[in-house]
Amino acid sequence: MSLIIKDLYARVKDGAEILKGVNLNIPKGEVHAIMGPNGSGKSTLSKVLCGHPDYEVTGGSAEMDGQDLFSLSVDERSRAGLFLAFQYPVEVPGVSNANFMRAALQARLPKEEELDAVAFYKNLRARMKQLGMDPKFTARAVNEGFSGGEKKRNDVLQMMMLDPTYAILDETDSGLDVDALRIVSEGVNAMRAPYRSFLVITHYKRLLDYIRPDVVHVLYNGRIVKTAGYDLVDYIEEHGFDFVKEEHP
Amino acid sequence: MDTPAFNDADELSGKLRLALEQAEAEARLREAETPDRLNEDWRFGRPHIYAKALVSALESDTDNAGRITIQAPAACVEPMADDMRDGEMRLRSIGSDKILALHLKRFGKGICLCIDTVLADPIIITYETEGVFTPSTIILAAEGAAARIIERHIVRGSGLLVATRDIKAMAGADISLELEVSGESTSGSDQPRAMNITNIAAMDAQVRQLTRYSGLDWAREETVAEILHENTTIELFSANRLHGTQILDQHTRQIHSWGKSTSNLLYKNVVDGSATATFAGNIYVAPGAHETDAYQANRNMLLSEDATINSLPGLEILADKVRCSHGSASAPMDEEQLFYLLSRGIPRHDAQMLVADGFLADAVTQFRGSESDGNNTKI
Ligand SMILES: Nc1ncnc2c1ncn2[C@@H]1O[C@H](COP(=O)(O)OP(=O)(O)OP(=O)(O)O)[C@@H](O)[C@H]1O
Ligand SMILES: [Mg+2]
């Protein structure tokens, strides 16, 4: 059981090719990290996996536990267990956080079944407390007027509520204050389980010190150019990405 | 001993007045023309079909059949009396004098509210019809009075409900009106239609209105709101979803006859299918109405290539120190918002409903927000 990405090519619709043959294998239960210079295609990879309409897959495949991801619609992928915490979470005016989460959870139940509202709110409040979020955020419109860090926490809250099997965190640490970074990392660590995998995209060692990844990849110019253990994080912290740029001019 | 003579004179003058009023009403009816496309206020929304059908329905139907229910303190409700025709005669339309004249001819059904205290519970008026129904709502808010009024219209089958509304608010009064007009079709050929002509006159008072239309084949709204003294606030909101071939045709006037006052309008529509939403608004600031704040915004979300939006905001400012803005915007649903909801597993249809309702939400929350602000300061 794993997320297997093979020779994935994708481009901006009617535009430039961004992913140029990505190969990645994330077995269940593992935590992988992706690092890489700005503009190398990390966010594009995560959005392509979720089915963002801006991109077009031009080659290759992605399988989640044997299921062809690209044959599923965006919402089906989510219900199948894929989750992406966005680098830039979107504001949705007029839709309350609670209604949003309820709709997402309701969609996971059989048609006749009604979501248990009491249990839902109890769970929601407990998770918010865990993330240090004010209960007022349940009634506020999704991400509207949230600070950068509040948006990131809100995405992590959604991840906790939806309990995915494959969770991608795209620079969730950017914008978090030191306490929030610790809280969010602890939340992620608490969710580590044999039936769940994480793909953590980040620029900073600090997050990876909390969430010790099993495998570290470097994405550069639309390709995974290096895969190694945790030592790679220290190496990059010290030397930057010059080595990949030299190896892949 | 003098009393009988006095009564006779009173009766005589009453009769005379009625006769004069009727003559005037007849004259108006003859003069007013059925609106057509050449009429500036009926340019959009297939007037040649709807205006003609409306006029002939009002002319041919004599039943004025409809059901009225009211939930209000008895002390507030006055029986509809002939001498209230007076107020109806002075109502202003936005291009629909013919319809007003026909409405006046059928005068007699409706609700008159005279409110002179602060009411905690909302007043709920319901008008229902399957035929042709032309009720009048009269709301007189005395000094310091405060009330929330919910007016529900239910139009069944191919019914037609044409209502007028005359709202007068005196110093310190605080009135909220929520007008909810819904059509209930039982077969595909049903064409429920509705029209509302509202006049608001506020003097040193606060009046806010929220209109919502749903399930109607055709609906027209004409709202004329006039500020007649300083320190007045009038707020007009509307939030609607249209689909199929529905037509919503909204016309508003914010008339600032006095300065040092505020009017604010926010009309929002989500338009799907081959539906049409027309908004034509005008802000008029009279000479001398200095220090006026007047805002008007019409925002639409287009969900289909075949949907039509006609948005015509307008301004006429003849005073100084006026802060005024008007704007209109129409855009499709934001793809990023939709994607965000989809990416959390919410099925497309539900996600679209959420985003669309979210788009309309601020018109409703602003109405409710200032509703509670108003009541808070009052109590
Ligand atoms: N929708 C789009 N339209 C145009 N260009 C795009 C689009 N999405 C991505 N790109 C381009 O593709 C490249 C990769 O972008 P991407 O956001 O995936 O980078 P990244 O690795 O996540 O960078 P960062 O570390 O700065 O977040 C960039 O050059 C970006 O400008
Ligand atoms: Mg990125």
Side-chain angles (χ1 to χ4, degrees), chain A residues 13 46-55 72-86 88-109 111 139-145 151 154-155 157-164 167-168 170, chain B residues 210 212 214 237-242 266-272 297-305 327 329-372:
Chain A
K13 269 186 189 149
S46 54
K47 287 200 259 182
V48 164
L49 292 176
C50 289
H52 194 287
D54 279 359
Y55 307 99
L72 302 178
S73 63
V74 179
D75 51 313
E76 285 168 343
R77 293 179 205 192
S78 165
R79 296 197 298 276
L82 184 67
F83 182 89
L84 169 60
F86 290 91
Y88 304 108
V90 179
E91 301 193 3
V92 192
V95 178
S96 78
N97 242 341
N99 282 347
F100 170 49
M101 272 295 90
R102 273 178 78 147
L105 286 166
Q106 181 68 54
R108 284 159 166 81
L109 298 177
K111 266 213 155 42
R140 278 180 64 177
V142 177
N143 295 330
E144 199 182 27
K151 285 181 183 170
N154 203 31
D155 258 28
L157 172 70
Q158 291 163 32
M159 176 178 75
M160 289 177 162
M161 294 296 291
L162 298 178
D163 197 22
I168 305 170
D170 189 0
Chain B
L210 169 67
R212 308 206 69 171
S214 64
F237 301 100
S238 191
N240 312 287
R241 299 185 60 149
L242 306 176
L266 177 60
Y267 274 36
K268 289 188 129 183
N269 296 305
V270 175
V271 193
D272 201 353
N298 172 231
R299 311 223 179 281
N300 301 288
M301 182 183 274
L302 274 159
L303 295 187
S304 137
E305 299 269 327
S330 298
M333 182 173 285
D334 186 303
E335 283 290 335
E336 291 294 329
Q337 290 178 23
L338 184 62
F339 175 71
Y340 194 67
L341 269 65
L342 292 172
S343 79
R344 299 317 184 218
I346 300 171
R348 181 165 287 270
H349 179 259
D350 297 357
Q352 282 177 334
M353 297 272 278
L354 276 170
V355 175
D357 284 343
F359 170 77
L360 295 176
D362 62 341
V364 179
T365 50
Q366 278 186 40
F367 170 78
R368 302 230 188 282
S370 43
E371 206 174 47
S372 58

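Below, read A as the first sequence line, B as the second, and so on, with proteins coming before strands; counting in each chain starts at 1.
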Side chain, backbone, both or neither of A:Q106 within contact of chain B (heavy atoms, under 4.5 Å): neither

Contacting moiety of B:E336, where chain A heavy atoms sit under 4.5 Å: both

Residue pair A:S78, A:R108: steps toward the side-chain contact (heavy atoms from CB on, under 4.5 Å) verdict: CA-CA 9 Å; A:S78 165; A:R108 284 159 166 81; 2.7 Å; yes

Salt bridge present between B:D362 and B:K268 (N-O < 4.0 angstrom): yes

Choice from B:G345, B:A361, B:P347 maximising heavy atom contacts with chain A below 4.5 Å: B:G345

Proximal component of A:P164, with respect to chain B [non-hydrogen, under 4.5 Å]: neither

Parallel, tilted or perpendicular: rings of B:Y340 and A:F100 (30°, 60°): parallel

Pairs of heavy atoms under 4.5 Å with chain B: top-ranked of A:L105, A:D54, A:N99, A:D155: A:D155

Option that, when pairs with chain B are counted at under 4.5 Å, heavy atom only, ranks first among A:R77, A:Q158, A:M101, A:K47: A:Q158

Verdict with supporting geometry, A:L82 and A:I168, side-chain contact (heavy atoms from CB on, under 4.5 Å): CA-CA 8 Å; A:L82 184 67; A:I168 305 170; 4.2 Å; yes

Residues B:R299, B:F359; criterion side-chain contact (heavy atoms from CB on, under 4.5 Å); working and verdict: CA-CA 9 Å; B:R299 311 223 179 281; B:F359 170 77; 3.9 Å; yes

